[in-house]
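Okay, structure first, notes after.
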Amino acid sequence: MRPSLIALSVASVLLAGCPDNKTSNAAANASASDTAAVKSDSVAADKVVDEHSYAQPDKVQTQDVALDLAIDFSKKILSGTATLGLNWVDKSATELTLDTRDLDIQKVEGEDANGAWAPLKFKLDAADKILGSKLTIETPNRPAKVRITYATSPNASGLQWLEPSMTEGKKTPFMFSQSQQIHARSWVPLQDTPMIRFTYTAHVTSPKDTMVLMSADNDPKAARDGDYTFKMPQKIPSYLMAIAAGDLVFKPISERSGVWAEPAMVNKATAEFADTEKMIVTAEKLYGKYRWDRYDMLVLPPSFPYGGMENPRITFATPTVIVGDKSLVSLIAHELAHSWSGNLVTFATDKDSWLNEGLTTYVQSRITEDLYGIDAKDMENKIDRDELTKEYKTLDPALQRLSLKPGTLADPDGSSSATVYTKGAWFMQYLEKAYGREVFDPFLRGYFDHFAFQSIPTSTFRKYLQENLIDKHPGKVTMAQVDQWLYEPGIPADAPKTDSAKFDAVDKARTAWIDSKTLPDKVATSKWSTQEWVHFVEGLPDTMSEEQLKALDAAYKFTGTPNGEIAMRWYPLTVKNNYTVARPEIAKFLERVGRRKLIMPTYGALVKTPDGLAFAKEVFAKAKPGYHPITTGSVESVIADAEKGTTK
């Protein structure tokens, strides 16, 4: 998943309190001996525990899920059954515990040896704010299958329902899921932990004017008839279950890849993502065969809270990366890379999120370099590392470790993007530089092959790294250096640095303008990529005059830009400098876009003054109906914290 890179001033609001996790403050002040203990505990642990799931995989494990669901747009619910095929690891176990959130559990049945279904007693606990409600099912005979009849809530945290007016075509409603991190439990009762992998099938009915897709074997030639069946034969964790329904059409890019989108968007998206097959071929050359058959992309409405989500066989993508020049298609490279790092080899718990996102960001950079050149890769690395440097100035040190200490992460949605994405990739680049690609590439390919279709913790990665790279090629990197990356906060001093000749030229142009008020040469700026414009804006002084802002606006039309990457940096700057001319366009931007990375910096800047807070609340009231529940929660937390601050 491409991260929700939230400005540091608002990142902390995502770390909601949880009564069972009270160690984060202590972890922030961890001593060197404490860090060593974390490492020792992680390496020695035989039992992996997922703090954010009620499931008991040491007793029973889901092998298959069969869904039979109906989509009701008028009630904004999914209803039907989920049948779990079970492997009873503990032959003396007498209950099955599942994760749910706001589900209406109507009936639970077990299948006996003769294939007959009989009712099972069950109990649904009161809801925990983070974890949802534990569903405990009495299973004295340990049935091979358990079937649950249920319905979702209209407010399910993992589903978003859009009225026709909120879509591109304005005629047909739209629904889509976002299961990561622990939101699958809001639309399916299951063991919602990445430790469990399962196959699944589904039968889904919907209004006949909607096309239904899932993270499964979508048929590009499927008839739109309101009755659909799906099969996912490869085992996946629960967070990779996905569903979407709306006015969707398909356009191919290659024999195994194409774009699903609303009719008005499909041509633009297909043109933007035209290099997808080349990306697949590049990744296969480096890391082995693509093992998921098809790789399609679904372009969602602008309310999608993330850049992209790596659902197997069908990446869910934001339309905000479709800017007409392919400058933001690294998002597709990132989600494709998850087909190896994340979907194929998966982190065991969210304490190990870097195993997914860090390795994927590294693989993404290799794809970018192969297709678009080293300058493109270096610019993206520099932007990411600059953002990490800013975030680490105030980020809790406990969240700067790649392998998090138990109890650190109250809400799995609250991990540091800078850590799991950028620091994780930086660690891989450190190893690549130390060993050279002729050694490191085969190592990483072997890692993907060795752990294919498995979920592992950091300790398992560490052991494999030591045995297959560190010990086989002595004198390059020590395990003490590895452990500094894994278990200590911050970035090691010997981390490789990134320079960018293109950014050096941007820096000179910006400095010349600040010193002499002479705008950069139009011949030069006309060739700048999104990354160069991002770097230009990011380097502007925090304090600027209205005259300076107006001059930039007149020359480059930053206010009202359709490019979200530029907007997310320009609008907070206008807010800091009380450049109220931009407010009408800020309102339009915040109402149109629901991607958290793009909008949260502006909300974070607005709420710092009483006037800005009032404006933020006014805009949010209009925008909220089109926001995903995840985005809504983030904005509400920022506003609530600001209101508490203003009443002191």
Side-chain angles (χ1 to χ4, degrees), residues 47-50 53-70 78-101 103-125 132-152 179 184-205 214-217 227-241 243 312 346 348 452-455:
K47 183 178 179 180
V48 180
V49 176
D50 187 342
S53 172
Y54 294 116
Q56 298 175 319
D58 56 330
K59 293 184 178 180
V60 58
Q61 297 180 6
T62 303
Q63 300 294 298
D64 180 76
V65 176
L67 300 174
D68 195 334
L69 299 174
L78 302 179
S79 62
T81 62
T83 303
L84 310 184
L86 304 171
N87 173 33
W88 290 93
V89 179
D90 182 351
K91 304 305 180 184
S92 64
T94 58
E95 65 180 28
L96 168 67
T97 58
L98 302 177
D99 297 300
T100 76
R101 179 182 289 129
L103 295 182
D104 175 16
I105 307 297
Q106 299 160 5
K107 182 170 60 174
V108 180
E109 303 164 283
E111 186 181 45
D112 63 23
N114 298 318
W117 293 92
L120 296 175
K121 295 181 180 180
F122 66 91
K123 177 187 176 184
L124 191 64
D125 288 357
S133 301
K134 179 170 70 171
L135 174 61
T136 304
I137 302 169
E138 295 183 21
T139 53
N141 298 319
R142 291 172 293 284
K145 292 183 179 180
V146 167
R147 183 169 66 197
I148 303 144
T149 303
Y150 72 100
T152 64
S179 294
R185 65 189 66 182
S186 74
W187 64 282
V188 183
L190 77 178
Q191 293 178 301
D192 195 10
T193 169
M195 295 169 62
I196 300 293
R197 302 178 70 102
F198 52 83
T199 57
Y200 81 86
T201 57
H203 172 238
V204 182
T205 58
M214 295 193 75
S215 53
D217 59 341
D227 194 301
Y228 306 94
T229 58
F230 303 92
K231 183 177 182 180
M232 169 48 79
Q234 292 99 347
K235 288 194 171 185
I236 62 169
S238 55
Y239 75 84
L240 292 179
M241 290 190 73
I243 187 170
T346 304
F453 299 105
Q454 298 180 52
S455 299

Report yes if the side chains of Gln56 and Glu95 come closer than 4.5 Å at any heavy-atom pair, otherwise no.
yes

Measure the CG-CH2 distance between Leu67 and Trp187 for me, rounded to the nearest 0.5 Å.
6.5 Å

Distance-minimising heavy-atom pair for Val188 and Leu190
O-CD2, 2.9 Å

Of all heavy-atom pairs linking Ser215 and Leu240, the shortest is OG-O, 2.8 Å

Is the shortest heavy-atom distance from the side chain of Leu69 to the side chain of Tyr150 under 4.5 Å?
yes

Phe198 versus Ile196: any side-chain heavy-atom pair under 4.5 Å?
yes

Can you tell if the side chain of Asp217 reaches within under 4.5 Å of the side chain of Phe230, non-hydrogen atoms only?
yes

Can you list the residues that meet the salt bridge (charged side-chain N to carboxylate O under 4.0 Å, His left out) rule with Lys231, with sequence neighbours excluded?
none

Is there a side chain to side chain donor-acceptor pair (under 3.5 Å) between Thr199 and Asp64 once you walk through the steps?
CA-CA 5 Å; Thr199 57; Asp64 180 76; 2.6 Å; yes

Can a donor-acceptor pair be found, under 3.5 Å and without considering hydrogens, that links the side chain of Gln191 to the backbone of Val60?
yes

Using a distance-only test with no angle check, is there a side-chain donor-acceptor pair under 3.5 angstrom linking Thr136 and Tyr54?
no

Would you mind reporting whether Ile148 and Leu103 have side-chain heavy atoms less than 4.5 Å apart?
no

Close side-chain approach of His203 to Thr229, heavy-atom, < 4.5 Å
yes

About how many Å separate OH of Tyr239 and OG1 of Thr346, when rounded to the nearest 0.5 Å?
4.5 Å

Nearest-0.5 Å distance, CH2 of residue Trp88 to CD of residue Gln61:
11.5 Å

On a heavy-atom basis, the closest approach of Ser455 and Met195 is CB-CA, 4.2 Å

Result of checking Ser186, Ser238, Ser53 against Asp99 for side chain to side chain donor-acceptor pair (under 3.5 Å)
Ser53

Would you kindly say whether Thr205 and Asp227 are connected by a side-chain donor-acceptor distance under 3.5 Å?
no

Taking the side chain as C-beta and beyond, is there a heavy-atom pair between Tyr200 and Met214 under 4.5 Å?
yes

Please check: side-chain N/O of Trp117 versus main-chain N/O of Val108, any donor-acceptor pairing under 3.5 Å?
no

Determine whether a donor-acceptor pair (N or O, by modelled atom type, separation under 3.5 Å) exists between the side chain of Asp192 and the backbone of Arg185.
yes

What closest approach, in Å, do Pro57 and Val89 show between heavy atoms, and which atom pair accounts for it?
O-CG2, 4.0 Å

Would you find a donor on one side and an acceptor on the other, under 3.5 Å apart, between the side chain of Thr152 and the backbone of Leu78?
yes

What closest approach, in Å, do Arg197 and Pro194 show between heavy atoms, and which atom pair accounts for it?
CG-O, 4.4 Å

Atom CD1 of Ile105 and atom CD1 of Ile137: how far apart are they, to the nearest 0.5 Å?
8.0 Å

Starting at OG1 of Thr97, measure out to CG of Leu135 and round the result to the nearest 0.5 Å.
8.5 Å

Sequence neighbours excluded, the answer for side chain to side chain donor-acceptor pair (under 3.5 Å) partners of Asn141 is none

Check for a donor-acceptor pair, side chain of Thr149 on one end and backbone N or O of Gln106 on the other, with a separation under 3.5 Å.
no

Going by atom types alone, do Asp68 and Thr81 pair a side-chain donor with an acceptor below 3.5 Å?
no

Under the 3.5 angstrom rule, does the side chain of Asp112 hit a backbone N or O of Asn114 as a donor-acceptor pair?
yes

Quick one: closest heavy-atom pair of Pro312 and Ile236, and the distance?
CG-CG2, 3.9 Å

Within the supplied structure, the quantity of interest is the number of heavy atoms (other residues, nucleotides, ligands) at a distance under 6.0 Å from Lys235 NZ; does it exceed 12?
yes

Nearest 0.5 angstrom please: Thr139 OG1 to Lys121 NZ, how far?
13.0 Å

